[in-house]
Amino acid sequence: MNVPQQRVLRTAIPGPRSVELQERKTAAVAPGVGTTLPVYIERAGGGILVDVDGNQLIDFGSGIAVTSVGNAAPRVVSAVQQQVDDFTHTCFMITPYEEYVAVCEKLNALTPGSFEKRSALFNSGAEAVENAVKIARSYTGRAAVVAFDHAYHGRTNLTMSLTAKNMPYKHRFGPFAGEVYRAPMAYPYRWLGEDCAAEAFAAFVDTVHTQVGEANTAAVLLEPIQGEGGFVVPAPGFVRLVADWCRDNDILFVADEIQTGFCRTGDWFACSFEDVEPDLITTAKGIAGGLPLGAVTGRADVMDAVHVGGLGGTYGGNPVACAAALAAIETMQADDLVGAARHLESIMKPRLGALAEKYDAVGDVRGRGAMLAIELVGPDKAPDPVLTAKISSACHREGLVTLTAGTYGNVLRFLPPLVIGDALLTEGLDILDAAFAAV
Ligand code: PLZ
């Protein structure tokens, strides 16, 4: 699909056709499924979303870090079309196919860890996390799982239990899964002590030791950069300290790279920034250019612990999603999207830094690669979710799709497709700047 890489505003945002569709949505769709920006999309390509009123919006969200290779990326489109033509489904657990195996080979080769690995494929990020926990429990024979403050791991019962934030994810949805424990996160901007990494690590060790017991702990689950929690980049050294401690205590270290993975942070995986080799890694989102796919990749001896038939699902590693993943990965390699993410950072970070100079409300600028955010605050770092929502809406009205995040809802996050052109990127940053000036 060839979409001109240009912002075009033909109507107010949302336009009349979108308003009409939103009325149908209100009547037909369960309201629990919300929409950030009720603009209905008809086509998309690269860094542009075309709506039903003919508006062309700049995409700073990538459908929550999914279309890293661009929307309707050419290689993904042709691989999917070919696969749909060949066959759409057999169920890998019944009669298998090569594409599933090839995706696992790629995952085993590309993820950090110089040991033998195996992978298993699922439909979503949450399902990947669920299965990582199942595998960790099976291997260790223990039940407890430790997650962190501000963590996000999904919306199924187990992953909702691992997720930290109540609204909107957990409110009235309990009881939650047992044997889930929570430790403090090394969140530099909000850490009250002197040495964030060392103190948060000490608190983590204390939590596991006093509240759980090392001998009861199957796994520690950590996002190397937290996603929904507000793009919290752990204090330097923290991820490494936790991973090393897990190894010393025979506890599995599981990296949830569902949002950070596949070139997003300027490396294939964010764990590499601290040279950490997780025992298990969960991936999804960016892996397949927009088709639903999730995976667990890990140490062969850990993955091999599960009995034959213990993992699976009707659709996990569906052939169309696998074909898309192979094409997306090929695109990342051929077009150097690791380099592209670093390039985007080199343009965006200084601009966000300049915003922080200009506006006191910008309390923190953080992130890596094309996973960047600003945290908006009032006096004494008081979170300002109202201003955050206002700025985001002002961007939306000008045809820039921005997302918010954070435990306090006061983080504006930026996740452009890695193939976005410099001109669109700069135009988007200009719109953001103007939104600050206007509100
Ligand atoms: N782990 C680190 O970021 C998904 C959620 C959006 P699924 N994040 C976007 C929402 O409001 O539902 C995510 C993540 C991390 C797990 C998940 C879950 O992935 O594919 O949404 O299940």
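Heavy atoms only: backbone and side chains are in, while hydrogens, waters and symmetry mates are out.
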Can you check salt bridge (charged side-chain N to carboxylate O under 4.0 Å, His left out) on Arg264 and Glu257, steps first, answer last?
CA-CA 10 Å; Arg264 176 55 56 186; Glu257 293 246 20; over 6 Å; no
Report the C-alpha separation of Phe173 and Asn157 in whole Å, then their side-chain angles, then the decisive distance to 0.1 Å, and conclude whether the side chain to side chain contact (heavy atoms under 4.5 Å, CB included) test is met.
CA-CA 8 Å; Phe173 293 149; Asn157 186 264; over 6 Å; no
Apply side chain to side chain contact (heavy atoms under 4.5 Å, CB included) to the pair Val133 and Leu162, showing each step before the final yes or no.
CA-CA 11 Å; Val133 172; Leu162 291 160; 4.3 Å; yes
Please report the C-alpha distance between Ile420 and Asp59 in whole Å, then the side-chain angles of each, then the deciding distance to 0.1 Å, and finally whether the side chain to side chain contact (heavy atoms under 4.5 Å, CB included) criterion is met.
CA-CA 9 Å; Ile420 195 169; Asp59 185 6; over 6 Å; no
Going through the distances and angles, do Gln22 and Tyr40 end up as a side chain to side chain contact (heavy atoms under 4.5 Å, CB included)?
CA-CA 8 Å; Gln22 187 68 1; Tyr40 284 74; 2.7 Å; yes
Asp430 vs Arg7, salt bridge (charged side-chain N to carboxylate O under 4.0 Å, His left out): CA-CA, chis, key distance, verdict
CA-CA 13 Å; Asp430 292 343; Arg7 180 178 66 119; over 6 Å; no
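Each of Arg413, Lys381, Arg366 was evaluated against Glu375; a single residue qualifies, Arg366, per the side chain to side chain donor-acceptor pair (under 3.5 Å) test.
Side chain of Gln56 to backbone of Gln6: a donor-acceptor contact under 3.5 angstrom is found. Although no hydrogens or angles enter the test, the distance criterion places a donor-acceptor pair under 3.5 Å between the side chain of Glu223 and the main chain of Tyr152. Judged by distance alone, with hydrogens and angles left aside, the side-chain atoms of Gln82 form no donor-acceptor pair with the main-chain N or O of Ser78 at under 3.5 Å. Side chain of Ser346 to backbone of His343: a donor-acceptor contact under 3.5 angstrom is found. Using a distance-only test at 3.5 Å, with no hydrogens or angles considered, a donor-acceptor pair links the side chain of Asn318 to the main chain of Thr88. For the pair Arg155 (side chain) and Met160 (backbone), a donor-acceptor distance under 3.5 Å is absent. Judged by distance alone, with hydrogens and angles left aside, the side-chain atoms of Gln5 form a donor-acceptor pair with the main-chain N or O of Gly45 at under 3.5 Å. Using modelled atom types, no side-chain atom of His150 and backbone atom of Gly406 make a donor-acceptor pair closer than 3.5 Å. Of the possible polar contacts, one joining the Thr163 side chain to the Gly154 backbone as a donor-acceptor pair under 3.5 Å is found. Here the side chain of Asp51 pairs a donor or acceptor atom with the backbone of Asp53 at under 3.5 angstrom.
Contact annotation: the side chain of Lys390 never approaches that of Asp384 to less than 4.5 Å [non-hydrogen atoms, C-beta and beyond]. Using a 4.5 Å cut-off on side-chain heavy atoms (C-beta onward), Leu37 and Leu57 make contact. Side-chain atoms of Leu110 and Gln333, non-hydrogen and from C-beta on, do get closer than 4.5 Å to each other. Taking 4.5 Å as the limit, every side-chain heavy atom of Glu127 sits out of range of all side-chain heavy atoms of Thr156. Side-chain contact between Ile431 and Leu429 is absent, with no heavy atoms from C-beta onward closer than 4.5 Å.
Under the 4.0 Å criterion applied to side-chain N and carboxylate O atoms, Lys165 and Glu228 are not assigned as salt-bridge partners. Comment: Arg190 does not engage Asp149 in a salt bridge, judged by the lack of any side-chain N to carboxylate O separation of less than 4.0 angstrom. The existence of a salt bridge linking Arg247 and Asp279 is excluded, since no basic side-chain nitrogen approaches an acidic carboxylate oxygen closer than 4.0 Å.
Closest approach of Arg75 to Ala334, counting heavy atoms only: NH2-CB, 3.6 Å. Shortest non-hydrogen contact noted between Pro4 and Asn2 is CD-O, 3.8 Å. Scanning all heavy atoms of the two residues, the minimum distance from Leu121 to Cys104 falls at CG-SG, 4.0 Å. Scanning both residues, Ile281 and Pro112, for their nearest heavy atoms gives CD1-CD, 3.6 Å. Nearest heavy atom pair, residue Thr297 against residue Ser119, reads OG1-OG, 2.8 Å. Nearest heavy atoms, Ala361 versus Leu387: CB-CD2, 3.4 Å.
A 6.0 Å sphere centred on NZ of Lys349 holds more than 12 heavy atoms belonging to other residues, nucleotides or ligands. In Lys117, the NZ atom is crowded: over 12 heavy atoms of neighbouring residues, nucleotides or ligands sit closer than 6.0 Å.
A distance of 8.0 Å separates CG in Leu424 from CZ in Phe60, rounded to the nearest 0.5 Å. Separating the CH2 atom in Trp268 from the OG1 atom in Thr111 is a distance of 11.0 Å, to the nearest 0.5 Å. Atom CD1 in Ile135 sits 5.0 Å away from atom CG in Leu311 (nearest 0.5 Å). Taking OH of Tyr181 as the reference point, atom CG of Leu221 lies at 15.5 Å (rounded to 0.5 Å).
Relative to the six-membered ring of Phe436, Lys358 misses at least one condition, a distance below 6.0 Å or an angle of at most 45° to the axis. Both the sub-6.0 Å distance and the 45° axial angle are not jointly satisfied by Lys285 relative to the ring of Phe262.
Side chain to side chain, Thr388 and Asn410 fail the donor-acceptor criterion of an N or O pair below 3.5 Å.
Ring centroid separation for the pair Phe238 and Phe204 does not come in under the 6.0 Å cut-off. Between Phe122 and Tyr315, the distance separating the two ring centers is not shorter than 6.0 angstrom.
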